[in-house]
Participant: 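Here it is: the structure, laid out below.
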Amino acid sequence: MEETISLSKIVEIIRKRIVLIIIFIIISISISIGVTFYVLTPIYQAQTQILVNQKSNSVETNSWQATDIDLRLINTYNEIITSPVILTPVIEKLELDTTPEQLMEQITVSSKSDSQVVNISVIVPDPLNAVEIANTVAEVFKEQIPKLMSVDNITILSAAKQSDSPRPLKPNKELNLVVGAVIGFMLGVGLAMYLEFLDTTIKSEDDIETFLHLPVMGVVGLIPEEKVKKKSLFSQKDRRKKNVLAEK
């Protein structure tokens with residue numbers, strides 16, 4: 001029963017301070033829009049897929065052995081892709097103003113378990129650069145791996161493509177606006193609750209029982225405004241009569 005009363009009280013406070021809460025929501029959404037669209041730098045992602053598959057014309061047993069070797073080599077390939085031996089030629093080809101170490105932080109190489117497909121993801125502020133870097137890394141890796149490992153088992157499965165309207169990976173504009181609205185609502189409700197509990201003035205008989213812990217024995221109704229005016233007129237007439245009698 002106490003929980004029901006508590007919830008109803010909260011709803012009552014929200015209704016009472018709804019204008020304040022709406023103002024906080026609007027302010028919070030406005031701040032979120034400003035930060036999302038004008039402060040945060042958009043980050044774009046491009047992805048290229050390569051297939052690790054050694055070319056072999058041997059019998060079927062040898063084919064299975066080759067596949068097993070390819071799977072074992074994938075972890076090694078993941079390390080080689082982000083090494084300076086691959087990234088340095090990429091930087092030279094694209095004339096990037098960066099170092100292999102900095103470019104390494106922008107590249108993610110991943111592959112699922114027992115899969116011969118390797119994903120090369122590039123995350124940078126420019127969508128065109130992301131596509132160019134991802135594709136160039138795959139191309140340079142394909143060129144260099146026969147020299148490094150004495151094996152030719154790399155095929156570019158899917159190249160990154162430039163979209164007509166690239167969508168940034170982050171910030172997530174819709175999510176930021178929703179988060180801003182939620183934060184504004186929470187701040188508004190919190191301030192409304194704070195103001196309500198700070199206000200200890202007695203406004204009703206319920207407040208007397210709540211704050212003073214005294215039972216209400218009776219309630220005096222409000223005097224209508226017309227009666228107050230009539231009473232004041234009668235009192236003025238009485239004073240005039242008394243003044244007249246006093247002068248006589």
Participant: Can you find a pair of side-chain heavy atoms, one from I86 and one from S83, that are under 4.5 Å apart?
Facilitator: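 Yes, close enough: below the 4.5 Å cut-off.
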Participant: With sequence neighbours left out, what residues match K173 under side chain to side chain contact (heavy atoms under 4.5 Å, CB included)?
Facilitator: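 Counting only residues at least two positions away or on another chain, K173 forms a side chain to side chain contact (heavy atoms under 4.5 Å, CB included) with T36, F37.
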Participant: Of the non-hydrogen atoms in D152 and P146, which two are nearest, and what is the gap between them?
Facilitator: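 Between these two residues, the closest heavy atoms are OD1-CG, 4.4 Å.
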Participant: In this structure, are over 12 heavy atoms from other groups packed under 6.0 Å from M149 atom CE?
Facilitator: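 For M149, atom CE is crowded (more than 12 foreign heavy atoms under 6.0 Å).
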Participant: Verify, without hydrogens or angle tests, whether T88 (side chain) and P84 (backbone) share a donor-acceptor contact under 3.5 angstrom.
Facilitator: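 Judged by distance alone, yes, a pair lies under 3.5 Å.
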Participant: Using side-chain heavy atoms (C-beta onward) and a distance below 4.5 Å, is D126 in contact with Y44?
Facilitator: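 No - every pair of side-chain heavy atoms lies 4.5 Å or more apart.
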Participant: Closest heavy-atom contact between L87 and P100?
Facilitator: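 Minimum heavy-atom separation between L87 and P100: CD1-O, 3.5 Å.
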Participant: Could you state the interatomic distance from CD1 (I154) to CD1 (I145), rounded to the nearest 0.5 Å?
Facilitator: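 These two atoms lie 6.0 Å from each other.
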Participant: Could you give me the CA-CA distance, side-chain angles and deciding distance for K112 and N119, then say whether side chain to side chain contact (heavy atoms under 4.5 Å, CB included) is met?
Facilitator: CA-CA 9 Å; K112 294 182 179 180; N119 299 310; 5.8 Å; no
Participant: Between atom CD of E196 and atom CD1 of I13, what is the distance when rounded to the nearest 0.5 Å?
Facilitator: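 One finds 4.5 Å between CD of E196 and CD1 of I13.
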Participant: L195 versus L20: any side-chain heavy-atom pair under 4.5 Å?
Facilitator: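 L195 vs L20: side chains touch.
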Participant: Could you walk me through whether I43 and V124 pass the side chain to side chain contact (heavy atoms under 4.5 Å, CB included) test, one step at a time?
Facilitator: CA-CA 6 Å; I43 302 297; V124 293; over 6 Å; no
Participant: When clusters are formed by joining ILVMFWY residues with side-chain heavy atoms under 4.5 Å apart, either directly or through shared neighbours, do Y194 and M186 land in the same one?
Facilitator: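 No: no chain of side-chain contacts under 4.5 Å links Y194 to M186.
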Participant: Which ILVMFWY residues are connected to V117, directly or by a chain of links, through side-chain heavy atoms under 4.5 Å apart?
Facilitator: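 For the cluster that includes V117, the remaining residues are L51, L157.
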Participant: Testing the basics here: between T48 and A159, what is the closest heavy-atom pair and its distance to 0.1 Å?
Facilitator: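 It is CG2-CA, 4.1 Å.
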Participant: Which distance, rounded to the nearest 0.5 Å, do you find between the CE of M193 and the CZ of R17?
Facilitator: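 The CE atom of M193 sits 11.0 Å away from the CZ atom of R17.
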Participant: Can you tell me how far apart OG1 (T98) and CE (M104) are? Round to the nearest 0.5 Å.
Facilitator: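 Here the rounded value is 10.5 Å.
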Participant: Measure the spacing between CG of N78 and CD1 of I74 and express it to the nearest 0.5 Å.
Facilitator: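 It is 7.0 Å, given to the nearest 0.5 Å.
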Participant: What is the minimum heavy-atom distance between P171 and L40, and which atoms define it?
Facilitator: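 Of all heavy-atom pairs spanning P171 and L40, the closest is CB-CD1, 3.8 Å.
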Participant: In terms of hydrophobic clusters joined by side-chain contacts under 4.5 Å, are I23 and I31 together?
Facilitator: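 Yes, I23 and I31 fall within the same hydrophobic cluster.
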Participant: Is there a chain of hydrophobic side chains (I, L, V, M, F, W, Y, each step under 4.5 Å between heavy atoms) that links V90 to V85?
Facilitator: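 Result: yes, single cluster for both.
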Participant: Between S32 and N176, does any side-chain donor sit less than 3.5 Å from a side-chain acceptor?
Facilitator: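 No - no donor-acceptor pair under 3.5 Å links their side chains.
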Participant: What is the distance from atom CD of Q49 to atom OG of S115, rounded to the nearest 0.5 Å?
Facilitator: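 So the CD of Q49 and the OG of S115 are separated by 8.5 Å.
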Participant: According to the salt bridge (charged side-chain N to carboxylate O under 4.0 Å, His left out) rule, which pairs have a member within residues 84-109, sequence neighbours left out?
Facilitator: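 Non-adjacent pairs meeting salt bridge (charged side-chain N to carboxylate O under 4.0 Å, His left out): K93-E143.
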Participant: Does any part of the side chain of K142, heavy atoms only, come nearer than 4.5 Å to the side chain of I50, both counted from C-beta?
Facilitator: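 I50 vs K142: side chains apart.
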Participant: Would you say I21 ends up clustered with I10 if hydrophobic residues are merged whenever their side chains have heavy atoms under 4.5 Å apart, either directly or through other cluster members?
Facilitator: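 Yes, because I10 and I21 connect within a single hydrophobic cluster, where side-chain heavy atoms sit under 4.5 Å apart.
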Participant: Evaluate the side-chain proximity of Y77 to V52: yes if any heavy-atom separation is below 4.5 Å, no if none is.
Facilitator: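 With C-beta onward as the side chain, the pair touches.
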Participant: Which heavy atom of I120 sits nearest a heavy atom of A134, and at what distance?
Facilitator: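 So the minimum-distance heavy-atom pair works out to O-CB, 4.4 Å.
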Participant: Quick one: are I123 and L169 in side-chain contact, heavy atoms under 4.5 Å?
Facilitator: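 When only atoms from C-beta onward are counted, L169 and I123 do touch, with a gap below 4.5 Å.
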Participant: Any heavy-atom pair between the side chains of V109 and E79 that's under 4.5 Å?
Facilitator: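 No, too far: nothing below the 4.5 Å cut-off.
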Participant: If you compare all heavy atoms of A46 against all heavy atoms of A160, which two are closest, and at what distance to 0.1 Å?
Facilitator: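 Of all heavy-atom pairs spanning A46 and A160, the closest is CB-CB, 4.0 Å.
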Participant: Spell out, yes or no, whether V182 and V179 are grouped together once hydrophobic residues are joined by side-chain heavy atoms under 4.5 Å, including indirect joins.
Facilitator: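 Cluster IDs for V182 and V179 differ.
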